Each structure stands twice: as C-alpha cells, then as structure tokens.
Amino acid sequence: MSQNRAGTRALETDLIDVDQVVAAYYDVHPDPKEPTQRVAFGTSGHRGSSLKTSFNEDHILAITQAIVEYRNGQGITGPLFLGKDTHALSDPAQDTALEVLAANDVTVFWESNGDFAPTPAVSFAILSFNADPSHKSQADGIIITPSHNPPADGGFKYNPPHGGPADSDATSWIAHRANELIEGKLAEVKRVPLAQAKLSDGVVHHDFRAPYVNALPEVLNISAIKDAGIRIGADPMGGASVDYWGAIAEHHHLNLTVVNPLVDPRWSFMTLDWDEKIRMDCSSPYAMASLIGQKDKFDIATGNDADSDRHGIVTPDGGLMNPNHYLSVAIDYLYRNRTSWPQDAGVGKTLVSSSMIDRVAAGLGRKLVEVPVGFKWFVPGFLDGTGVFGGEESAGASFVRFDGRPWSTDKDGILLALLASEIQAVTGQSPSQLYRDLTEKYGEPAYARIDAAATVDQKARLGKLSPSDVTADQLAGETITAKLTEAPGNGASIGGLKVTTENAWFAARPSGTEDVYKIYAESFKGAEHLAEVQKDAKAIVDAVLGSAG
C-alpha cells in the first residue's frame, strides 16, 4: 500500500498542464442538458473546471451577460469593480468578462496592468465608492476566483452594491438567466473583441491595493504592531495577496517577511492536502505544512487562500490554530479593545461554528447572533451598525473599523491575519496562549466534521426538515434543549438541522456537490463524548430520513 503523501511537497505528476486547462476553457462547450455542465451558484458563486466542462468560456459569457441584465433590472448604473485571483482560468475568464461588459457599455474598474485583486480589496472598493456622497450611482463587483480550490478550477462570483456576497434571490436569477442564454446558443450575449474592450472609454484602470493598504490603521492598531516589533511571516500561498503583504510591510514599516512571493498557476511549491490534492486551504495543517515548519522564525505566521478571503494563523507555541479557536480569541479581544463599537452590537457566527463563541459572547455580556452558513448573512448587520463582527468556522471573518463603519462586507483574510499580530502586540501573548486561557475559563470543546452517505432525495428532505420531524429527546446521554431548522439570529432556514444539549450539539446539512450530508458536532465533555454525539447524530438524521438500519 502506498504511503499517504498529505503534507508533502507536490510532485511533477501532481501538477496541472496549464495550456491544457486554458485550451479547454475555449475549446470545450457545455451541454445544457447535463446538470453538471450548467451554471450553478453556490455560497461563493459558480465554480468548476474547464476539464470537466463546468467552467468554460460559454459559462462566463452567459453569466456576465446575466449579471449585466440583473444590474439593469436593479437600477445599478455605477461602475463594476472587476477583481481576480491567480488561478490559471482567472485570466481568460477576466478577458471574457471584459468583452461582454464593454459591449454592454458597463463602466469597469480593473487592474489593467495584470495585478491581482483579492476579494476583500474588491469589497472595500465597492463600499468606498458607494460611501462617497459625490457619487450619484451605486457600484457593484465581480471577483474571479474559486477560492482555495485546486489549480484546475475556476470561479466567478457577484457582489452587489452592499459589497458582500450576493443573496440567493440574485444568484438564482443570474444562474437561471445564464442557463437560458447557453440554451439559446449565446445568441443574446453582447460581445466585442478583447482589444476593443480594453481601449473603450468605460474600461478604466483602478488601483485596488493602495487605498486598502493605506486605510488599514482605520481598522487595526498598526502602530502597536510596529512598536512591538512583532516578527511576522506572511505566506500568500501563491494567491492574490502576494503584492499586498510587501506593500503593507513597506507602507506601515512592519517587521514582516513575505515567506513565499512566488505565483505559479500550477502551485508547484504547495504541500498536498489531506486527500493528496493541491488545495490552497490555509486552515489545513497539510496545505500549511511548509509555513508550520517555519513557525519558530516568527512571532506570528499567517497564510491566505488564493483570493485572500480566508486566514490561517500559526504561532510558535501552538502551530496552526483551529479556525474556531482563533475566532473565539479574536472575538474576546476585539470586543474588549474596540471601545467605540456600539455596546448593543452582537457577536455574529454561523451555526456550525464552535459553541466556545457562545460562551465568550455570554462572558462579554454580548448578544449572540447565530446565522445560517454563508457570509452573506452578516452583511445587513455590518451596514446598519447592529453587527460589528461576523465569522465562519471555515476561517473566514471580517469586522468593522474603530468608529463602527464597515470595512469589508466579504471575508477578509488579510485583516484577520494582521489582527493576530495586533493581539500579540497588545496583550503580550500569542492567540494560541489566549485560547488556552479561554478553555480554563469556559471549558475545552472537542469539535469535528464527518460525512455520511445520502441520496439526492434524502438530501432534499434534510434541507426541508421541521423540528417536529425529530422525535428523539436525548443526545449522547444529555437532554435535548433545542431542535433548530431556522437560525436563531435571523430566522432564516439553515437548510438542515441543528440539535443542542447543555454541553454538546450537532448540525447536519446536505452537501451541494456530493451524495453525502455533513455532520458538524462538538462536545465540551471530551473526545469520547464527541464520538457518542456523532453516532447519535447519524442515527437521529437517518431515522428522520427513513434510512435507519
């Protein structure tokens, strides 16, 4: 049996053929009758691979035209900010989008010199434009990225004028219209040649990086990081933050080293993830193995995924922090140190994030605002001042400026990475040390996610459960205290089920891409009790779905 290579350097045989991936983007055409080849927006836009006929030129032509028609229908007449990451398919997709946007007379702000624009910088740009009272029209944006997905993948997501991920009403309309356009052989898609598009008056160069970097002292205590001389190691992991970290170090005079400044669409420098695939997941100890190996060189080392909306935090004493652990520390620190934040603003978390956050929020005397999975649920709170922090268990979060104004309404991995250095500078302790302090105060949870098999029909039923469908009253020896199919924070459907007890909980949600459902579970009574929770959780869900035994 061959040895698992997770955490080891990628070999030549692991790397994509970039020319093949790009050629397939242009040469292969989707069959709209094949479900896997249709446009489908998940929580982070449309994703796929040109090699699987799920991310090709036809898709991007249709999606871009659909976005144009959507913004026309919504009365959005301002510029569209266009950003991209470093995946091989991002460049050709950007070219395609420019051809359609220019043909439709949409003003486009983009990095015309070939630079990358990460997700948080695009969100920041949209919010900055729309906050300027001299602008009579509202801007929106497109970000071309499949996030941390493997090198052969592409992604395309739309951010409306609120700057965050589009809600399901918008994405459903865009996806439906895009599939109509593909079914119609793209006859209704307007398009001009790329050279003409780039020369049009409405396609304008925009510097995403400098305004974002310059404004960081409005949201972070940069002077504390500088004065403490925190030794920072920042790994862009070959992603769109690559030039941002050097600019941050230079502009703010930080003791910051860009650990790996290389950009390679094959990601040949990566260590393999748990399944021996190249994946830029900065929350994975396997994908982050190279940076973890350098942990003793820095006070704080950080990683970002390809579009920089996620963060990974590495400390000398703790190695790579579990995302839930770091979120708990970040929340405890921020709410104690951002004294100008509204005192009635709650703590935002997704319902599959750790209950340690619940206990931290209670200790702070703050209301917990628990929402379904998806960062879009935090956007309204950021905009109206009722929310100052939102975080997901998958290492995505953002928070507002010192004065309470929104910073980015999409996840910001650069921001959360720098916050770790601020925490170290201000408290004199690493985030991992501070997490140990939290466990002494609130208990130590064991948390895990597993997958269980489910048919398409069973997944559909799981997404439409009501609390009365669950007849069990015990979970791993404890009395069930709540059965949730709607998020307590906003009443929105969670697309699954969450069951809680005094010391444990589980949540079950159908996978959007595989014939499985995901069970998230946590126990404050240790790993053995967690295993019992997982076992009972599967039995409860299978009983509800009619597949027990």
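For clarity, every value in this text was computed on a predicted model and none was experimentally measured. Quick note: residue numbers are just sequence positions, from 1. Note that these values count all heavy atoms, side chains included, but never hydrogens, waters or copies made by symmetry.
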**Q** Pro160 and Pro165: which non-hydrogen atoms are nearest, and at how many Å?
**A**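 Looks like CD-C, 4.2 Å.
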
**Q** Can you tell me how far the CH2 atom of Trp267 sits from the CG atom of Leu15, to the nearest 0.5 Å?
**A**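 It is 12.0 Å, given to the nearest 0.5 Å.
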
**Q** Output yes when a side-chain donor or acceptor of Gln94 lies under 3.5 Å from a complementary backbone atom of Ile144, and no otherwise.
**A**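 Pair absent, no side-chain N/O of Gln94 close to backbone of Ile144.
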
**Q** Under the side chain to side chain donor-acceptor pair (under 3.5 Å) rule, what do Tyr70 and Asp140 come out as? Steps first, then yes or no, please.
**A** CA-CA 11 Å; Tyr70 175 81; Asp140 55 1; over 6 Å; no

**Q** Is the shortest side-chain N to carboxylate O distance from Arg405 to Glu218 below 4.0 Å?
**A**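 Yes, this pair counts.
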
**Q** Run the ring-centre check on Phe156 versus His59 and record whether the distance is less than 6.0 Å.
**A**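 Ring-ring flag for Phe156/His59: false, centres at least 6.0 Å apart.
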
**Q** Report yes if some heavy atom in the side chain of Leu98 is under 4.5 Å from a heavy atom in the side chain of Thr64; otherwise report no.
**A**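 When only atoms from C-beta onward are counted, Thr64 and Leu98 do not touch, as no gap falls below 4.5 Å.
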
**Q** Without swapping roles, check the side chain of Asn104 against the backbone of Val106 for a donor-acceptor pair under 3.5 Å.
**A**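 No, the answer is negative, given that no donor and acceptor are paired below the 3.5 Å cut-off.
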
**Q** Side chains of Ser147 and Asn149: is there a donor and an acceptor less than 3.5 Å apart?
**A**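 On atom types as modelled, these side chains do not qualify, holding no pair under 3.5 Å.
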
**Q** Let me know which of Glu370, Glu392, Glu393 forms a salt bridge (Lys or Arg N to Asp or Glu O under 4.0 Å) with Lys349.
**A**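 Option passing the salt bridge (Lys or Arg N to Asp or Glu O under 4.0 Å) with Lys349: Glu370.
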
**Q** Could you check whether any side-chain N or O of Thr53 sits under 3.5 Å from a backbone N or O of Gln37, counting only pairs where one atom can act as donor and the other as acceptor?
**A**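 No.
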
**Q** Do Val21 and Leu51 make a side-chain contact, defined as non-hydrogen atoms from C-beta onward lying under 4.5 Å apart?
**A**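 Yes, close enough: below the 4.5 Å cut-off.
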
**Q** Does atom OH (Tyr333) have a neighbourhood of more than 12 heavy atoms from anything else shown, all under 6.0 Å?
**A**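 Result for OH/Tyr333: enclosed.
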
**Q** One thing to verify: whether Glu250 and Arg209 come together as a salt bridge, which I'm taking to mean a side-chain N less than 4.0 angstrom from a carboxylate O.
**A**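 Judged by the 4.0 Å cut-off on N to carboxylate O distance, Arg209 and Glu250 do not form a salt bridge.
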
**Q** Provide the closest heavy-atom pair for Pro372 versus Leu351 in the form atom of the first, atom of the second, distance.
**A**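 Closest pair (atom of Pro372, atom of Leu351, distance): CA-CD2, 3.8 Å.
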
**Q** Considering only heavy atoms from C-beta outward, does the side chain of Leu89 approach that of Ser50 to under 4.5 Å?
**A**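 They are in contact (side-chain heavy atoms under 4.5 Å apart), so the answer is yes.
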
**Q** Angle between ring planes, Tyr212 versus Phe124, binned at 30° and 60°: parallel, tilted or perpendicular?
**A**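 If you compare the ring of Tyr212 with that of Phe124, the planes turn out perpendicular.
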
**Q** Which class fits the ring pair Phe81 and His206: parallel under 30°, tilted 30 to 60°, perpendicular over 60°?
**A**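 Answer is perpendicular, since the angle exceeds 60°.
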
**Q** For Ser408 and Asp410, run side chain to side chain donor-acceptor pair (under 3.5 Å): C-alpha distance rounded to whole Å, both residues' side-chain angles, the deciding distance at 0.1 Å, then the answer.
**A** CA-CA 5 Å; Ser408 74; Asp410 213 325; over 6 Å; no

**Q** NE2 of His205: more than 12 outside heavy atoms within 6.0 angstrom?
**A**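 Yes.
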
**Q** Verify side chain to side chain contact (heavy atoms under 4.5 Å, CB included) between Asp85 and Phe116, making sure each step is shown before the conclusion.
**A** CA-CA 6 Å; Asp85 77 357; Phe116 311 107; 6.0 Å; no

**Q** Looking at Asp403 and Arg401, is any side-chain nitrogen of the basic one under 4.0 Å from a carboxylate oxygen of the acidic one?
**A**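 No, Arg401 and Asp403 are not salt-bridged.
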
**Q** Identify which one of Ile230, Asp299, Asn255, Leu220 satisfies the side chain to side chain contact (heavy atoms under 4.5 Å, CB included) criterion when paired with Ser421.
**A**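 For Ser421, the side chain to side chain contact (heavy atoms under 4.5 Å, CB included) test succeeds with only one of Ile230, Asp299, Asn255, Leu220, which is Ile230.
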
**Q** Of all the heavy-atom pairs spanning Ile126 and Gly141, show the shortest one and how long it is.
**A**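 Heavy-atom minimum between the residues: CD1-N, 3.6 Å.
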
**Q** So, the side chain of Asp273 versus the backbone of Asp275: is there a donor-acceptor pair under 3.5 Å, distance only?
**A**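 Judged by distance alone, no pair lies under 3.5 Å.
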
**Q** Checking Ser123 side chain against Gly163 main chain: does a donor-acceptor pair fall under 3.5 Å?
**A**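 At least one qualifying donor-acceptor pair exists.
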
**Q** I'd like to know if the side chain of Thr350 and the backbone of Val373 have a donor-acceptor N/O pair within less than 3.5 Å.
**A**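 Side chain of Thr350 to backbone of Val373: no pair is present.
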
**Q** How long is the span from the CD1 atom in Ile313 to the CG atom in Asn322, to the nearest 0.5 Å?
**A**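 Going from the CD1 atom of Ile313 to the CG atom of Asn322 covers 12.0 Å.
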
**Q** Shortest non-hydrogen contact from Asp307 to Ala240?
**A**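 Heavy atoms of Asp307 and Ala240 come nearest at CA-CB, 4.4 Å.
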
**Q** Please step through side chain to side chain donor-acceptor pair (under 3.5 Å) for the pair His135 and Asn130, ending with a clear verdict.
**A** CA-CA 7 Å; His135 295 146; Asn130 292 339; over 6 Å; no

**Q** Does a side-chain heavy-atom distance below 4.5 Å link Tyr447 with Met356?
**A**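 Sidechains of Met356 and Tyr447: no contact.
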
**Q** Using side chain to side chain contact (heavy atoms under 4.5 Å, CB included), reason through Phe109 and Val204 one step at a time and then give a plain yes or no.
**A** CA-CA 5 Å; Phe109 287 0; Val204 182; 3.7 Å; yes

**Q** So does Gly413 get a backbone contact from the side chain of Asn304, meaning a donor-acceptor N/O pair under 3.5 Å?
**A**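 Yes, Asn304 side chain to Gly413 backbone: donor-acceptor pair under 3.5 Å.
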
**Q** With a 4.5 Å heavy-atom cut-off, do Tyr158 and Thr171 have their side chains touching?
**A**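 Tyr158 does not reach Thr171 side chain to side chain.
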
**Q** For the CG atom of Asn221 and the CD1 atom of Ile423, what is their distance to the nearest 0.5 Å?
**A**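 CD1 of Ile423 is found 11.5 Å from CG of Asn221.
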
**Q** Quick check: does any side chain N or O of Arg338 sit under 3.5 Å from a backbone N or O of Val219, one acting as donor and the other as acceptor?
**A**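 Side chain of Arg338 to backbone of Val219: a pair is present.
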
**Q** Determine the sole option in Asp115, Asp91, Thr145 for which the side-chain hydrogen bond (donor to acceptor under 3.5 Å, both in side chains) test with Lys84 is passed.
**A**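 Option passing the side-chain hydrogen bond (donor to acceptor under 3.5 Å, both in side chains) with Lys84: Asp91.
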
**Q** Do Arg449 and Val352 come close enough that some side-chain heavy atom pair is under 4.5 Å?
**A**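 No. Closest side-chain heavy atoms not under 4.5 Å.
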
**Q** Does Ser308 use its side chain to pair, donor to acceptor, with the backbone of Ser241 at less than 3.5 Å?
**A**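 Yes, because the side chain of Ser308 sits within donor-acceptor range (under 3.5 Å) of the backbone of Ser241.
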
**Q** Looking at every non-hydrogen atom in both residues, tell me the closest pair between Ala93 and Ile60 and how far apart they are.
**A**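 Smallest heavy-atom distance, with atoms named: O-CG2, 3.7 Å.
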
**Q** Do the side chains of Asp305 and Lys411 get close enough for a salt bridge, i.e. N-O under 4.0 angstrom?
**A**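 Salt bridge absent between Asp305 and Lys411.
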
**Q** Walk me through it: do Asp14 and Glu276 pass the test side chain to side chain contact (heavy atoms under 4.5 Å, CB included)?
**A** CA-CA 9 Å; Asp14 299 311; Glu276 300 187 34; over 6 Å; no

**Q** What I'd like to find out is whether the side chain of Arg231 reaches to under 4.5 Å of the side chain of Gln424, using heavy atoms alone.
**A**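 Contact flag for Arg231/Gln424 side chains = no.
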
**Q** Counting C-beta onward and ignoring hydrogens, is there a side-chain heavy-atom pair between Lys376 and His162 closer than 4.5 Å?
**A**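 Lys376 vs His162: side chains apart.
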
**Q** Kindly compute the distance separating OG (Ser284) from CZ (Arg279), expressed to the nearest 0.5 Å.
**A**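 The CZ atom of Arg279 is 8.0 Å from OG of Ser284, to the nearest 0.5 Å.
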
**Q** Is the side chain of Thr271 donor-acceptor paired with the backbone N or O of Tyr286 at a distance under 3.5 Å, no angle test?
**A**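 Flag set: sc Thr271 to bb Tyr286 pair under 3.5 Å.
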
**Q** Hey, what do you get for CD1 (Ile225) to CD (Glu422), rounding to the nearest 0.5 Å?
**A**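 The distance works out to 6.0 Å.
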
**Q** What I want to check is whether the side chains of Lys157 and Thr119 have a donor and an acceptor closer together than 3.5 Å.
**A**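 Yes, a side-chain donor-acceptor pair sits under 3.5 Å.
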
**Q** For this output row, return yes or no: ring centroids of Phe402 and Trp407 closer than 6.0 angstrom.
**A**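 Aromatic pair excluded; centres sit 6.0 Å or further apart.
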
**Q** Side chain to side chain contact (heavy atoms under 4.5 Å, CB included) for Leu80 and Ile142? Distances and angles first, verdict last.
**A** CA-CA 7 Å; Leu80 183 144; Ile142 289 172; 3.9 Å; yes

**Q** What are the two closest non-hydrogen atoms of Trp173 and Ala66, and how far apart are they?
**A**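 The pair with the smallest heavy-atom distance is CZ3-O, 3.4 Å.
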
**Q** What distance do Thr96 atom OG1 and Leu61 atom CG have between them, rounded to the nearest 0.5 Å?
**A**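 Nearest 0.5 Å value for the OG1-CG distance: 5.5 Å.
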
